[in-house]
Protein chains: 2
Amino acid sequence: MNSSDLMHHFTVDCVVFGMDSHELNVLLVQREFEDPDNPGNIIKDYKFPGNFVSFSEDLDVAALRVLRELTGISDIYLEQFKTFGSLTRLSNPKDRAWLKTILPIELKRILTVAYFALIPIEKAKQENLSSRAFWFKISDLPTLPFDHPEILKSAQKAVLSKLYQDPVVYELLPEKFTLTQLQKSYEGIIGQSLDKRNFRKRVSNLPYLISLNQWQQNVAHKPAQLYRFSKNIYEQTKKDNLYFST
Amino acid sequence: MNSSDLMHHFTVDCVVFGMDSHELNVLLVQREFEDPDNPGNIIKDYKFPGNFVSFSEDLDVAALRVLRELTGISDIYLEQFKTFGSLTRLSNPKDRAWLKTILPIELKRILTVAYFALIPIEKAKQENLSSRAFWFKISDLPTLPFDHPEILKSAQKAVLSKLYQDPVVYELLPEKFTLTQLQKSYEGIIGQSLDKRNFRKRVSNLPYLISLNQWQQNVAHKPAQLYRFSKNIYEQTKKDNLYFST
DNA sequence: CCAAAAGTGTTCAACTTACACCCATGT
DNA sequence: ACATGGGTGTAAGTTGAACACTTTTGG
């Protein structure tokens with residue numbers, strides 16, 4: 001075994017979740033390449049934003065760079081959750097054909113360090129989104145290449161698991177939000193609907209959820225009160241929950 | 001940017017937790033090399049078992065192989081939790097000197113995919129442990145090289161977080177165990193002591209915790225009843241808890 | 001006046017917490 | 001007989017779950 005046998009290509013891939021008024025969405029970037037099975041035919045499909053990491057680049061920095069380059073988004077909550085290194089991740093000839101268009105050498109295996117990211121969709125839209133980046137409802141995603149379906153499942157679990165420990169839902173919401181928006185965000189991550197009265201009773205005990213003397217405007221129904229998340233109060237009052245799985 | 005700029009060395013590192021009758025322990029392997037600052041002097045210290053991964057090896061397989069080769073342990077619960085790729089992980093000259101003894105080239109950066117593992121200490125001892133592998137109490141660890149202190153902290157968090165979702169404590173216990181052993185295992189992971197009566201009331205509701213008609217023998221006190229964990233019953237009865245962080 | 005979403009309280013059951021003493025065994 | 005860890009119950013407080021109607025606004 002010599003040293004070059006021990007060298008590998010690495011990418012970072014980002015699963016970006018965005019919350020609109022109804023449900024969770026995922027940000028995908030379009031790839032466009034010639035179908036190797038059908039020359040002359042152009043395939044257009046979608047994948048998670050991801051790219052190679054250079055040898056002098058910190059992982060987290062690489063993830064932010066790749067996300068900025070491919071989507072235009074730069075101010076976002078980002079967290080590494082798992083590295084995927086199966087020997088079969090590149091087994092689809094279409095995926096290998098596409099890879100040749102971006103790195104024209106034969107690749108044996110690519111490890112990818114996967115990140116999840118959370119952002120309110122409107123904010124992402126303000127940060128002039130790349131013309132190649134598109135939001136998809138999580139309930140209606142196109143077929144994903146590589147092992148991206150597995151990465152997505154793993155990302156959803158990672159976000160849920162994170163929510164057990166930190167109120168990361170606030171990363172999905174704009175600065176001022178309604179309790180219904182908050183509830184929808186929880187529901188999107190948990191994957192279940194919650195009882196409105198019980199939900200409100202529960203969150204009304206959270207010291208870091210600050211009610212503002214402001215209400216929605218120009219809505220065709222009773223305007224909802226606006227709230228904000230106080231990171232300071234959260235940090236000061238959080239206690240480590242002690243529960244264990246049943 | 002050419003292709004070789006995009007290639008990296010990477011290793012797997014395993015943080016092996018073992019439970020003895022009192023507390024959590026961690027398995028370290030000794031490294032032995034000449035002090036670059038003081039030629040002729042031999043440094044002996046300890047690190048997590050870890051090694052390079054070859055280009056044709058699955059990640060999880062590599063972790064099991066490395067663990068077997070360096071410690072002798074082969075039947076163990078193992079789970080990937082994070083990849084460490086800081087540019088400064090190799091900044092200590094002593095660590096670079098040691099690396100040269102195992103791979104005699106100049107290395108720029110090594111990414112490491114970190115795993116945690118759980119095993120009952122006695123079981124590990126049966127699997128003829130390598131003479132270079134040693135158990136240390138988690139409350140009394142030697143100084144660790146590289147970024148291993150950070151990896152340890154992250155591993156402890158990962159195990160705790162896992163315990164929120166699955167009763168992985170049972171991986172630390174022998175097949176038959178007492179409620180006190182179970183409690184100590186929880187306490188070791190959680191890092192806090194628990195009330196005996198409340199603990200027992202709580203676990204007595206777990207359908208997958210099976211009491212045996214067997215008791216401890218040859219102990220200088222009232223013998224404790226033995227229990228076992230039923231993975232089957234756990235799988236059949238588990239429900240996804242719906243709680244969120246406060 | 002209609003549609004749409006906001007907002008609100010009670011009851012019952014389940015769970016959490018705090019807390020102290022006797023028991024069975026080996027030496 | 002003593003040292004060691006095993007084993008047990010209750011009361012008070014808190015939290016979780018189920019459940020339906022009125023309010024405010026824009027169109």
Side-chain angles (χ1 to χ4, degrees), chain A residues 19-23 163-164 167 173-174 176-188 190 192-207 209-228 237-246, chain B residues 19-23 163-164 167 173-174 176-188 190 192-207 209-228 237-246:
Chain A
M19 189 72 205
D20 64 20
S21 56
H22 297 292
E23 67 177 308
L163 186 59
Y164 287 164
L173 294 168
K176 300 172 182 180
F177 51 84
T178 68
L179 293 183
T180 299
Q181 284 178 292
L182 181 61
Q183 184 178 345
K184 295 263 184 215
S185 300
Y186 270 107
E187 290 173 341
I190 291 169
Q192 293 189 23
S193 53
L194 301 168
D195 178 90
K196 183 163 65 160
R197 276 181 289 188
N198 291 336
F199 179 82
R200 283 162 185 252
K201 208 186 312 164
R202 179 159 192 173
V203 299
S204 72
N205 293 326
L206 302 178
L209 182 62
I210 315 287
S211 71
L212 304 170
N213 278 323
Q214 296 177 43
W215 280 261
Q216 278 183 317
Q217 289 189 342
N218 306 315
V219 285
H221 53 77
K222 179 171 173 179
Q225 190 170 12
L226 297 175
Y227 289 76
R228 68 177 182 86
T237 59
K238 77 173 161 187
K239 44 188 180 297
D240 295 328
N241 299 339
L242 275 192
Y243 41 79
F244 42 85
S245 179
T246 51
Chain B
M19 188 73 207
D20 64 21
S21 55
H22 297 292
E23 67 177 309
L163 186 60
Y164 287 164
L173 294 167
K176 300 172 183 181
F177 51 84
T178 67
L179 294 184
T180 300
Q181 285 178 290
L182 181 61
Q183 185 178 343
K184 295 262 185 216
S185 300
Y186 270 106
E187 290 173 341
I190 291 170
Q192 294 190 24
S193 53
L194 301 169
D195 177 89
K196 184 162 64 158
R197 277 182 288 189
N198 292 337
F199 180 82
R200 283 163 185 252
K201 207 184 316 164
R202 178 160 193 173
V203 297
S204 71
N205 294 326
L206 302 178
L209 182 63
I210 317 286
S211 71
L212 304 170
N213 278 322
Q214 296 177 41
W215 280 261
Q216 279 182 317
Q217 291 190 339
N218 307 315
V219 285
H221 54 77
K222 179 172 174 180
Q225 191 169 12
L226 298 175
Y227 290 76
R228 70 177 181 84
T237 59
K238 76 173 161 187
K239 45 189 179 298
D240 295 328
N241 299 339
L242 276 191
Y243 41 78
F244 41 85
S245 179
T246 52

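Please read all numbers here as calculations on a predicted model, not as lab measurements. The basis for the numbers below is simple: all heavy atoms, side chains too, and nothing from hydrogens, waters or symmetry mates. So that the names make sense, note that chain A is the first sequence line, chain B the second, and so on, each numbered from 1.
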Whole Å only: how far is the CG atom of A:Leu194 from the C1' atom of D:dC19?
16 Å

What nucleic acid atoms does A:Thr180 come within less than 4.0 Å of, heavy atoms only: base, sugar-phosphate, or nothing?
sugar-phosphate

Return yes if the base of C:dC15 and the side-chain atoms of B:Arg202 contain a donor-acceptor N/O pair under 3.5 Å, otherwise no.
no

Please work out if A:Gln216 contacts a base, only the sugar-phosphate, or nothing of the nucleic acid, heavy-atom cut-off 4.0 Å.
nothing

Nearest 0.5 Å please: distance from the OG atom of B:Ser211 over to the CD atom of B:Gln225.
5.0 Å

Determine whether B:His221 and B:Gln216 make a side-chain contact, defined as any pair of heavy atoms from C-beta on separated by less than 4.5 Å.
yes

Of B:Asn218 and B:Asn205, whose closest DNA chain C nucleotide lies nearer the 5' terminus?
B:Asn205

d(CZ, B:Arg200; C1', C:dC19) in whole Å:
16 Å

Using atom CG of A:Leu179 as one end and atom C1' of C:dG7 as the other, report the distance to the nearest whole Å.
10 Å

Only one of A:Arg200, A:Glu187, A:Arg202 passes side chain to side chain contact (heavy atoms under 4.5 Å, CB included) with A:Leu194; say which it is.
A:Glu187

A:Lys184 NZ to C:dA4 C1': how many Å, rounded?
12 Å

Could you state the atom-to-atom distance from CD of A:Gln183 to P of C:dA5 in whole Å?
13 Å

B:Gln225 has an atom CD; how far is it from atom P of C:dT25, in whole Å?
13 Å

Describe, in one word, how the ring planes of A:Tyr227 and A:Phe177 are oriented to each other, choosing from parallel (under 30°), tilted (30 to 60°) and perpendicular (over 60°).
parallel

For A:Asn198 and for A:Pro223, locate the closest nucleotide of DNA chain D by heavy-atom distance; then report the residue assigned to the nucleotide nearer the 5' terminus.
A:Asn198

Take the protein atom CD of B:Gln181 and the nucleotide atom P of D:dG7, then report the distance between them rounded to whole Å.
11 Å

I want to verify a distance call: between D:dG5, C:dT8, C:dA4, whose nearest atom is closest to the A:His221 side chain?
C:dA4

Value in whole Å for how far the P atom of C:dC15 lies from CZ of B:Phe199
16 Å

Checking D:dG6, D:dT24, D:dG26 against the side chain of A:Ala220 (C-beta onward), the nearest is D:dG26

So, does the side chain of A:Lys196 form a donor-acceptor pair with the base of C:dT8 at under 3.5 Å?
no

Any luck finding a side-chain donor-acceptor pair between A:Gln183 and A:Lys196 under 3.5 Å?
no

Kindly say if B:Arg197 contacts the phosphate of D:dG9, meaning a side-chain N or O under 4.0 Å from OP1 or OP2.
no

Counting heavy atoms from C-beta on, name the nucleotide in D:dT24, D:dG9, D:dG5 closest to the side chain of B:Lys201.
D:dG9

